[in-house]
Amino acid sequence: MIFRVYVNFKKGILDPEAEAIKQTITSMGYKPITNIVKGKFFDIEVDTNQDYFSQIEKISKDLLSNPVIENFKIIKK
Amino acid sequence: MIFRVYVNFKKGILDPEAEAIKQTITSMGYKPITNIVKGKFFDIEVDTNQDYFSQIEKISKDLLSNPVIENFKIIKK
Amino acid sequence: MAGKKDISIIIFPGSNCDRDLMVAINKCMGVMPKLVWHKTYHIKKTDMIFLPGGFSFGDYLRAGTIATKSPATKEIIRLSKKGVPIIGICNGFQILTECKLLDGALIKNFGQLFKCKETFLKVVNNKNKFLKNLNLNSILNFPIAHSQGNFHIDESGLKKLEDNNQIVFKYSSKLGKVDEFNNPNGSVKNIAGIINKEKNVLGLMPHPERAVEKNTSKDGIDFFKSIREII
Amino acid sequence: MKKEVITSQLIKNHGLSDEEFSLIIKILNRKPNLLELGIFSVMWSEHCSYKSTKKWLKTLPTKGERVICGPGENAGIIDIGNNDAIVFKMESHNHPSFIEPYQGAATGVGGIMRDVFTMGARPIANLNSLRFGDPSNPKTKNLLRGVVKGIGDYGNCVGIPTVGGECFFNKSYNKNILVNAMCVGLVNKKKIFYSIAKGIGNPIIYVGSKTGRDGIHGATMASAEFDTNSSNQRPQVQVGDPFIEKLLLESCLELMKNDSIIAIQDMGAAGLTSSSFEMASKGNCGVKLFLDKVPCREKNMIPYEIMLSETQERMLMIIKPDRKKQTFDIFKKWGLDAVEIGKITDTGQMELFFNNKQVACLPIKPLADSAPEYDRPSLKRKKKSPKIKIKLYPNPKESLIKILSSPNHSSKEWIYRQFDSSVMCDTIHSSEESDAAVIRIHNTNKAIGITCDCNPIFCKSDPKLGAEISVAESWRNLIASGANPIAITDNLNFGNPEKKEVMYEIKEAIKGIKNACTKLNYPVVSGNVSLYNETNSNSILPTPVIGGVGLIEKISYVKSLKMKKGAKVFVIGKTSGHLELSIFYQINNLMHGSPPKINFKNEIKNGNFLKKLIRQTKIIIGCHDVSEGGICLAISELCIRSKMGVEIKIPEKYNNPVKWLFGEDQSRYIVIVDDEKQLKKIAKKDNIIVEEIGEVKGNSLNFKNLFQISLDEIIKMNSSWFYNYLKK
Ligand SMILES: Nc1ncnc2c1ncn2[C@@H]1O[C@H](COP(=O)(O)OP(=O)(O)O)[C@@H](O)[C@H]1O
Ligand SMILES: [Mg+2]
């Protein structure tokens with residue numbers, strides 16, 4: 001079973017990297033691009049028959065993201 | 001229209017960060033976790049009526065990923 | 001070296017070793033280099049180009065990537081084809097791999113952390129104009145300061161580098177031992193510096209410009225003196 | 001103006017007391033609107049107004065022959081000759097770093113660098129002073145990781161070497177870590193920029209990052225005691241962008257080459273509010289700001305948010321009206337947003353407009369001048385620990401091993417490897433190579449020594465004496481690195497000043513700094529205060545961190561922890577063996593008593609003696625001050641750094657070797673000497689106590705007839721704690 005955890009900055013938090021990427025793309029001539037949001041994902045492979053969702057949730061909260069500035073979202077792949 | 005571009009390391013390239021996360025998780029006692037793959041994603045908002053897929057493909061190849069070490073995948077959100 | 005030569009240092013927003021490099025070049029090569037802003041669309045005739053260390057464009061995305069989109073980088077690619085010697089140090093090396101003038105890629109250090117320390121480099125190949133004045137197997141003491149200096153290349157790429165004598169520097173011990181204990185960042189085969197097939201583009205992670213003063217190692221002087229001979 | 005209802009809850013949420021609110025009404029002659037309330041609240045917050053400490057800070061000695069600019073500006077400035085001046089300051093980012101260690105620490109470094117380059121200086125070195133909780137506390141590891149990485153990534157990216165600092169663990173910091181960052185810059189004495197607004201009609205220019213909703217109320221947060229819910233509050237942490245900082249640094253310095261700028265100030269705590277207020281208030285003028293002109297990162301930001309945002313990497317400047325184009329061109333070249341957002345007026349008012357409507361109008365002088373100033377009650381804490389009589393002293397060898405491998409005295413290599421210490425090519429000595437970091441002044445034959453110090457254990461027991469010792473230690477560190485100490489910056493970290501015992505600590509510590517600095521002719525030129533470092537009523541140890549700077553007139557005077565085979569080892573200063581509160585006692589769980597006494601006459605005599613030896617003879621090979629851990633730890637550190645052994649013979653007159661080895665008597669140095677006869681001769685002439693104690697020899701740390709440990713062993717035990725701790 002594979003869980004995918006998405007982590008990205010909360011809305012309103014400055015993401016200087018996304019800003020720099022957007023500027024670069026614009027300067028490369030891709031005019032219609034209006035916004036870029038950046039994030040990370042983790043594919044976590046779990047070898048168990050149990051439902052492991054709540055554990056993944058805990059890992060996401062404690063380790064993979066910082067709740068002060070980031071949100072996460074888990075999907076089962 | 002939003003395109004999502006996923007970028008991750010090619011197989012066979014050791015990702016020290018994913019490795020470290022895996023070790024930490026294991027040491028925290030989450031035994032069934034067998035593997036972790038880490039990647040990035042970019043949500044690119046495009047304001048156009050045209051099909052912009054091929055441009056996004058070009059951006060992904062030229063900028064968002066480095067073909068020597070990374071793969072990418074595009075989906076329309 | 002005959003007459004006044006023209007050496008250029010390209011400055012990207014976020015470059016931060018440009019001054020150090022300028023001082024070192026001036027001191028060891030006897031030429032005050034020209035500083036070229038990254039927005040330069042046309043670089044006139046120049047005898048040698050340096051890409052300095054630092055964090056061009058904040059190292060955002062991947063170190064060196066965004067700099068490949070600057071007009072000056074397009075000029076560097078054009079001039080490299082004409083045989084102009086080009087040297088990239090640290091971030092400069094990362095830019096050169098990102099714009100494909102050099103093979104491989106520089107990924108995050110094995111230990112994940114930024115690392116600043118003294119390292120020793122072994123000259124493993126001097127069959128090129130840059131290093132022909134340095135002895136084979138001689139050891140140079142330069143510091144490193146980077147978080148993405150882990151040189152990666154696939155098997156076949158590595159073989160090509162080896163076959164073409166493109167690997168020039170390897171991390172070693174003070175006495176020249178090349179092994180995992182003397183590999184500061186996880187680079188394949190301890191590779192610290194390579195050149196292109198045509199042997200006019202050189203990239204290295206350690207900082208020779210930080211090894212030319214009284215208070216540091218002085219091995220950088222040998223390095224710059226050696227490359228002075230080629231122009 | 002729109003009328004919001006200002007409820008008492010709203011007033012409370014803004015951290016204002018009822019008396020303070022009455023004062024506001026008196027100043028305005030009416031009730032404030034919400035925006036105005038917000039402005040008052042940040043301007044009168046502890047962080048911006050120093051209301052609990054101002055009375056005491058005023059007593060510090062701030063003048064000296066080399067002082068160009070004392071407290072009151074963005075940073076202090078000292079003269080180091082030939083038109084060169086050094087700009088420096090220390091600042092805390094404690095609360096943000098606890099919530100988000102990486103960003104909190106990074107933005108702390110960014111903020112202090114802006115304070116320095118605002119004055120026209122190019123930063124040449126960063127230092128940091130860190131305190132964490134007990135290593136076994138589950139949060140400590142990640143806090144340590146995040147803070148160190150944050151400091152490194154920011155300074156490394158901007159390209160300023162991080163060359164030193166300190167890191168200390170104690171459980172009192174479990175929920176309130178301390179992250180104090182110090183920055184030192186170099187400026188041409190004739191090209192210093194200040195923040196005094198001048199010239200009616202002159203344009204006010206905003207430059208740097210776009211304003212977002214970051215850290216609104218950050219300044220009030222930094223002044224409020226934590227409660228356990230803090231981590232759930234809305235995000236108040238700002239994200240740093242070192243890349244923009246680098247562009248700001250270069251563009252400002254480029255602009256400063258000509259004379260376009262009249263006044264300049266970074267937007268630090270309380271952002272646009274405090275920067276515009278302070279500039280106008282210093283220049284006795286008014287300002288008009290058009291807030292819709294402020295570049296915003298998010299849509300629909302309201303004046304309240306724009307005025308209170310603490311988005312990083314922004315500057316405010318007043319320029320000559322005919323230099324607008326030139327100014328904008330420079331910022332454009334560096335890819336930065338620069339906009340004219342207002343004008344200087346002669347009304348003495350701060351008038352804020354938004355979409356052509358006036359949204360606030362506040363009198364500047366009265367607001368600044370009547371900022372509350374408190375003389376809070378204080379009370380000496382009752383001493384709990386009675387004196388104990390020790391019958392059998394713990395084993396010295398085992399104790400030394402414990403000390404060398406303890407978190408507080410292990411090598412900090414894991415930390416400083418993450419900092420680029422060699423960029424700029426002027427670093428002569430950085431972390432652990434010498435008692436103070438030594439940075440050459442580019443293109444000259446002189447250098448400066450920089451150090452930060454504090455002994456919170458001493459401060460807890462006796463805040464005045466502890467602060468005096470911290471000042472003296474920084475003084476000694478500078479002398480031992482070859483410098484002539486010039487001035488300090490301080491960062492006063494304490495708990496809740498509304499508690500009498502804490503207020504006592506604050507007052508006493510300031511008294512101690514005052515006394516030590518006066519005696520040593522070592523003025524305070526800048527500083528910072530961080531209060532309310534307290535969670536659920538558990539306060540931190542009083543931690544007044546002292547950042548000292550000294551001048552090394554010639555590079556040849558630079559000293560470090562160096563040894564040479566065959567050289568003799570001497571102690572300068574009198575050893576009497578004060579063990580109370582020493583590391584030796586702490587490591588053996590013997591906590592009682594008071595700190596060692598300090599005699600400033602001897603401090604000065606011994607310091608001047610070493611300065612003279614360094615400057616007038618060639619006999620000093622290396623030196624190290626004696627502080628925590630006494631002679632024993634000082635010698636061990638010399639051996640570890642120089643990778644050489646020593647043979648030490650404890651002078652016969654001392655009947656208790658443990659006291660001799662580990663006593664922490666003040667005003668002492670260990671020196672490694674080439675010509676012992678000459679040393680003795682000068683010492684005799686100058687009436688200085690010196691003792692020959694051994695020789696650099698062999699491959700072990702050998703205290704004859706007592707114990708011996710091989711060099712390899714002590715190096716190993718000293719180098720592994722951090723790596724082992726952080727492995728998992
Ligand atoms: N403990 C202190 N000792 C001496 N000066 C201090 C102290 N605390 C603050 N200051 C001075 O007060 C002024 C305001 O400091 P601060 O509010 O930290 O500035 P900023 O607005 O740049 O953050 C500065 O000039 C600073 O040097
Ligand atoms: Mg300031």
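Because only heavy atoms are used, hydrogens play no part in the values below, and waters and symmetry mates are left out as well, while side chains stay in.
A/Met28 touches chain B through its side chain: at least one heavy atom from C-beta onward sits under 4.5 Å away, while N, CA, C and O do not. With a 4.5 Å cut-off on non-hydrogen atoms, A/Val5 does not touch chain B at all. Residue A/Tyr52 touches chain B through its side chain alone, counting heavy-atom pairs closer than 4.5 Å. In this structure, the portions of A/Ile33 lying under 4.5 Å from any heavy atom of chain B include both its backbone and its side chain. Heavy atoms closer than 4.5 Å to chain A are found in the side chain of B/Leu64, but not in its backbone.
By the 6.0 Å contact criterion, NZ on B/Lys10 is enclosed, its count of non-hydrogen atoms from other residues, nucleotides or ligands being greater than 12. Heavy-atom neighbours of A/Asp47 CG from other residues, nucleotides or ligands within 6.0 Å: at or below the threshold of 12. The local environment of CG in B/Asp51 is crowded, with over 12 non-hydrogen atoms from other residues, nucleotides or ligands closer than 6.0 Å.
In terms of heavy-atom pairs under 4.5 angstrom with chain B, the leader among A/Ile59, A/Ile36, A/Val46 is A/Ile59. For chain B, the option among A/Asn8, A/Asp62, A/Asp43, A/Ile44 with the highest count of heavy-atom pairs below 4.5 Å is A/Asp43. Highest contact tally toward chain A, considering only B/Thr24, B/Thr34, B/Thr48, is held by B/Thr34 [criterion: heavy-atom pairs under 4.5 Å].
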Donor-acceptor contacts under 3.5 Å from residues 70-77 of chain B side chains, at least two apart:
from, atom 1, to, atom 2, distance (Å)
B/Glu70, OE1, B/Asn66, N, 2.8

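Between the side chain of A/Ser65 and the backbone N or O of A/Ser60 there is at least one donor-acceptor pair closer than 3.5 Å.
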